[in-house]
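Bear in mind the structure is a predicted one, so any value in this text is a computation, not a measurement.
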Amino acid sequence: MASKLEIFDLNDNLSSDRFFIVGGGINQIVLVDRCLEKSLGSTGHAPGFVGQLNESSVLTQLAKDTVSEYLSIPNGFSPVGGLELASSSSGVEALRRRREMALAAGLPAEIITPEAAASLAPDFIDPASVKAGLHFPSDGTANAQVITSYYLDQARLRGVDFLEANVTGFMTSDSNDTGMAKITAIQTADGDINLAGSTVILASGIWTSPLTNPARGAKAPVTRVPIPIVPVAHPYTFTLPRPFRSGTPYPFVRWPDHHVYARDHGDRDGLGSYNHPPVHLDPADTAIGAWPSSFDQILSEATSHLKNGSNFQVQGFEDVTDPWLAKKPFNGIFSVTPDNLPLAGKLPDVSNLWLCAAIWVTTAAGTAKLISREILREAGASEPEDEVLLKALDPARFQGTELDTLTVQALGKYNDIYNRKA
């Protein structure tokens, strides 16, 4: 989709009633993104699993709200179900505990036998290798490209303007009457966008921290609040092409004991692993990073847990321009935080800046709707349910802790990403 605006258009028509959303992911809304033709961020290559149950009740609620929204989008969500497998006695106990949590949260869940689990994904599962399964029939997979295109089309119909530009930072000024800073311009590679009192919503994913808290010696930070959104490396791979399977689609399958997951992509299968030390990265132009040679062994070990594991590619390539499109092993960069919750809400020391970042496809729609309700809310208190969520996601919740310490804490959350606690 071609850009509908140029920067001079915005600067020639200043208004104090505009909202600028940086990163795609009321009055005049302008979506500013580096590329409007395709997603360069983590969403574009996410495995797409939407598992609603989480150790955090906040994430569970946001995920349930997200599924409700995705179901309204044609071909946006496939309720193929989710399946967790246990290969140890302690793993079986964990599945039983999670079943009780699911039922308490209003989510259907059932402990099933190894044979029943294998019948749901026979190419993936050898019943002799597992002790039990936990089936979540209302979980599924989200088609990020379809969902993103749908929301872009809906936004266009509602009068949202689009600007293709590479945002590099912000200009701020202090406000004498409030003691708070204010963003006065969005800096881009093609020139500055004058804001004239507009509101900025930063939805820039893995690039959020360098935009708000630039590296030492660079520009002054936009906010005094630490923004510990830490980009990490993650290996994902595919089988070679195969005929489409007939019958009931496979659920998204996870092996929590081994930090491995797999899914059916239609004409091939995909697999990812968290069973390696976290690797902190500095992302460049896209959310696909260089391939660490150590990931070859990580994937090789991960495939050993699948019945059809020998069909997966495990050797990465440095010379593949777009390994996601080529369906080759790739390093998909995404964000972790110290408590594995998103940072969503208004910054306390910048009067016109909101964050909506470190959000997975699992909770994206629920979080976006929450922040939209808060931005549009008239004077008065938020709804009690929203207050709980907003407090948990408050971008200022890490104040008082050094960013280096928060980065270490965030990296420590990587290995148990799907059963994250908060």
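For E301, the salt bridge (Lys or Arg N to Asp or Glu O under 4.0 Å) test picks out no residue, with sequence neighbours left out. For K307, there are no salt bridge (Lys or Arg N to Asp or Glu O under 4.0 Å) partners, not counting sequence neighbours. Every residue meeting the salt bridge (Lys or Arg N to Asp or Glu O under 4.0 Å) condition with D123, not counting sequence neighbours, appears here in chain and number order: R245. With sequence neighbours excluded, the residues that form a side-chain contact (heavy atoms from CB on, under 4.5 Å) with Q409 are P338, T405, L406. Under the rule for a side-chain contact (heavy atoms from CB on, under 4.5 Å), the partners of V80 that lie at least two apart in sequence or sit in another chain are S78, T141, P249. With sequence neighbours excluded, no residue forms a salt bridge (Lys or Arg N to Asp or Glu O under 4.0 Å) with R99. Considering only residues two or more places apart in sequence or on other chains, S87 meets the side-chain contact (heavy atoms from CB on, under 4.5 Å) condition with D257, H258.
In this structure a side-chain-to-backbone donor-acceptor pair under 3.5 Å is missing from T362 to G51. Of the possible donor and acceptor atoms, none in the side chain of T337 sits under 3.5 Å from a partner among the backbone N and O of I229. Put simply, the side chain of Q187 gets close to the backbone of F170: a donor and an acceptor are under 3.5 Å apart. Checking side-chain atoms of D349 against main-chain N and O of R224 turns up a donor-acceptor pair under 3.5 Å. Under a 3.5 Å cut-off, the side chain of N352 and the backbone N or O of S198 do form a donor-acceptor pair. At distances below 3.5 Å, at least one donor-acceptor pair connects side-chain atoms of Q52 with backbone N or O atoms of S138. When atom types are taken as modelled, the side chain of T148 and the backbone of Q145 share no donor-acceptor pair closer than 3.5 angstrom. Distance alone, capped at 3.5 Å, is enough to place a donor-acceptor pair between the T66 side chain and the G366 backbone. Of the possible donor and acceptor atoms, none in the side chain of S300 sits under 3.5 Å from a partner among the backbone N and O of Q297.
The OG1 atom of T286 lies 7.5 Å from the CG atom of D322; values are rounded to the nearest 0.5 Å. Taking CD of E164 as the start and CG of D190 as the end, the distance is 9.5 Å to the nearest 0.5 Å. Note that the CG atom of N415 and the CG atom of N275 stand 7.0 Å from one another [nearest 0.5 Å]. Summarising the geometry, atom CZ belonging to R156 is positioned 15.5 Å from atom OH belonging to Y151; distances are rounded to the nearest 0.5 Å. The structure places CD1 of I21 at 9.0 Å from SG of C356, a figure rounded to the nearest 0.5 Å. The CH2 atom of W207 lies 9.5 Å from the CG atom of N166; values are rounded to the nearest 0.5 Å.
Sorted by first and then second residue, the salt bridge (Lys or Arg N to Asp or Glu O under 4.0 Å) pairs involving residues 67-76 (not counting sequence neighbours) are E69-K369. Within the structure, side-chain hydrogen bond (donor to acceptor under 3.5 Å, both in side chains) contacts touching residues 102-114 (residues at least two apart or in different chains) do not occur. Applying the salt bridge (Lys or Arg N to Asp or Glu O under 4.0 Å) test to residues at least two apart or on different chains, the pairs with a partner in residues 383-394 are R373-D386. Residue pairs meeting the ring-ring contact (aromatic ring centres under 6.0 Å, His included) criterion with at least one partner in residues 92-136, sequence neighbours excluded, are F124-Y250.
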Worksheet item: Under the side-chain contact (heavy atoms from CB on, under 4.5 Å) criterion, do L343 and T208 qualify, and how do the steps go?
Response: CA-CA 10 Å; L343 275 69; T208 302; over 6 Å; no
Worksheet item: Stepwise, does the side-chain contact (heavy atoms from CB on, under 4.5 Å) test hold for F334 with Y414?
Response: CA-CA 10 Å; F334 65 85; Y414 174 83; 3.6 Å; yes
Fill in: Steps toward side-chain contact (heavy atoms from CB on, under 4.5 Å) verdict (T60, L107)
CA-CA 10 Å; T60 297; L107 294 170; 4.2 Å; yes
Practice prompt. For the pair F20 and I183, evaluate side-chain contact (heavy atoms from CB on, under 4.5 Å) and give the outcome as yes or no after the intermediate values.
Written response: CA-CA 11 Å; F20 286 84; I183 295 179; over 6 Å; no
Discussion item. Pair R96, E93 - check salt bridge (Lys or Arg N to Asp or Glu O under 4.0 Å), show working.
Written reply: CA-CA 5 Å; R96 289 174 178 159; E93 288 303 312; 2.7 Å; yes
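Put simply, the side chain of L347 does not reach to within 4.5 Å of the side chain of M180, judged on heavy atoms. Counting heavy atoms from C-beta outward, I193 and L163 have side chains that approach closer than 4.5 Å. Side-chain atoms of V167 and V32, non-hydrogen and from C-beta on, do get closer than 4.5 Å to each other. Counting only heavy atoms from C-beta outward, the side chains of L299 and P329 approach each other to under 4.5 Å. Side-chain atoms of D282 and P231, non-hydrogen and from C-beta on, never get closer than 4.5 Å to each other. For the pair L120 and V253, the minimum side-chain heavy-atom distance is 4.5 Å or more. I201 places a side-chain heavy atom less than 4.5 Å from the side chain of I375. Residues T184 and L195 form no side-chain contact, since every pair of their non-hydrogen atoms from C-beta on lies 4.5 Å or further apart.
When all heavy atoms of W291 and P235 are compared, the pair lying nearest together is CH2-CB, 4.0 Å. For A117 against L85, the heavy-atom pair with the smallest separation is CB-CD2, 3.8 Å. Looking at every heavy atom in both residues, P342 comes nearest to L59 through CD-CD2, 3.9 Å. Between A132 and V92, the shortest heavy-atom contact is CB-CG2, 4.1 Å. Across all their heavy atoms, A102 and A109 have their closest contact at CB-CB, 3.7 Å. Closest approach of R242 to D264, counting heavy atoms only: NH2-OD1, 2.9 Å.
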Validation: residues 309-317 side-chain donor-acceptor distances under 3.5 Å, sequence neighbours left out:
from: Q313; atom 1: NE2; to: F238; atom 2: O; distance (Å): 3.2
from: Q313; atom 1: NE2; to: K327; atom 2: O; distance (Å): 3.0

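Partner L389 forms a side chain to side chain contact (heavy atoms under 4.5 Å, CB included) with one of I371, T367, L341, L370 and no other, that one being L370. The side chain to side chain contact (heavy atoms under 4.5 Å, CB included) with P292 is formed by just one residue from the set L281, I298, N331; it is N331. For the side chain to side chain contact (heavy atoms under 4.5 Å, CB included) criterion with T303, the lone passing option out of N308, L271, T239 is L271.
Applying the 6.0 Å contact sphere to CE of M171 captures no more than 12 heavy atoms from other residues, nucleotides or ligands.
Ring pair F77/Y70 is tilted by interplanar angle, where 30° to 60° counts as tilted.
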